Amino acid sequence: GTGTGEIRIWAMNGATVSSNSFVGTVAPSYNWRIVGISDFDADSKADILWQDNNNGTGTGEIRIWAMNGATVSSNSFVAMVALSYNWRIKAPK
């Protein structure tokens, strides 16, 4: 990609940004995409679910960034899914 790869969290108060915090950087040339945000580790804090897959390119790796506000407290491997299966993570309906 042509962007910076910078990851930021915007805390919102309605339609107003109350804070804008830098989290980290992911190289824009990589295929990592945020595919979900939820409390995956049951600590009452939102975490970030990543998948290395962009329209069939990438490794198929899935990782979770456990978050403490705008700080990554851990970066955990979840699974490797073969891209030939063409599986995608989808939000529940």
Side-chain angles (χ1 to χ4, degrees):
T2 59
T4 65
E6 191 172 286
I7 308 299
R8 299 188 77 81
I9 291 178
W10 289 8
M12 304 297 292
N13 182 3
T16 302
V17 177
S18 58
S19 69
N20 178 351
S21 303
F22 173 78
V23 176
T25 303
V26 176
S29 60
Y30 292 173
N31 297 303
W32 288 97
R33 300 291 180 258
I34 295 172
V35 293
I37 296 176
S38 187
D39 181 12
F40 295 107
D41 59 1
D43 67 352
S44 299
K45 299 173 185 170
D47 305 310
I48 304 172
L49 179 65
W50 290 87
Q51 185 177 24
D52 183 13
N53 184 345
N54 180 27
N55 297 321
T57 60
T59 66
E61 185 173 347
I62 299 168
R63 299 190 76 84
I64 292 176
W65 283 6
M67 303 298 294
N68 183 6
T71 302
V72 179
S73 57
S74 70
N75 177 349
S76 303
F77 172 81
V78 175
M80 187 76 72
V81 177
L83 295 179
S84 60
Y85 293 150
N86 202 26
W87 290 355
R88 301 287 189 275
I89 296 172
K90 298 289 184 182
K93 293 181 180 185

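Numbers here are sequence positions counted from 1. Given the structure is predicted, the values throughout are model-derived calculations rather than measurements.
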S.K.: Determine yes or no for a side-chain-to-main-chain donor-acceptor pair under 3.5 angstrom, with Ser73 supplying the side chain and Ala66 the backbone.
M.R.: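 At least one qualifying donor-acceptor pair exists.
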
S.K.: Distance from Met67 atom CE to Asp43 atom CG, nearest 0.5 Å?
M.R.: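 Answer rounded to 0.5 Å: 11.0 Å.
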
S.K.: Count I, L, V, M, F, W, Y as connected when their side-chain heavy atoms are under 4.5 Å apart, and connections chain through other members. Are Ile62 and Met80 then in the same cluster?
M.R.: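 The answer is no; the residues belong to distinct hydrophobic clusters.
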
S.K.: Working to the nearest 0.5 angstrom, can you tell me the gap between Leu49 CG and Arg33 CZ?
M.R.: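 Reported to 0.5 Å precision, the distance equals 14.0 Å.
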
S.K.: Could you label the plane-to-plane angle of the Trp65 and Trp50 rings as parallel, tilted or perpendicular, counting under 30° as parallel and over 60° as perpendicular?
M.R.: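 If you compare the ring of Trp65 with that of Trp50, the planes turn out tilted.
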
S.K.: Judged by modelled atom types alone, do Thr59 and Asp52 share a side-chain donor-acceptor pair under 3.5 Å?
M.R.: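 A pair is found: one side chain offers a donor N or O, the other an acceptor, under 3.5 Å apart.
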
S.K.: Roughly how far, to the nearest 0.5 Å, is the CG atom of Asp47 from the CG atom of Asp39?
M.R.: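 Here the rounded value is 5.5 Å.
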
S.K.: Give, for atom CD1 of Ile48 and atom CZ of Arg63, the distance between the pair rounded to the nearest 0.5 Å.
M.R.: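 With rounding to 0.5 Å, CD1 (Ile48) is 13.5 Å from CZ (Arg63).
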
S.K.: To the nearest 0.5 Å, what is the distance between CD1 on Ile9 and CZ on Phe22?
M.R.: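 Separation between the atoms: 11.0 Å.
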
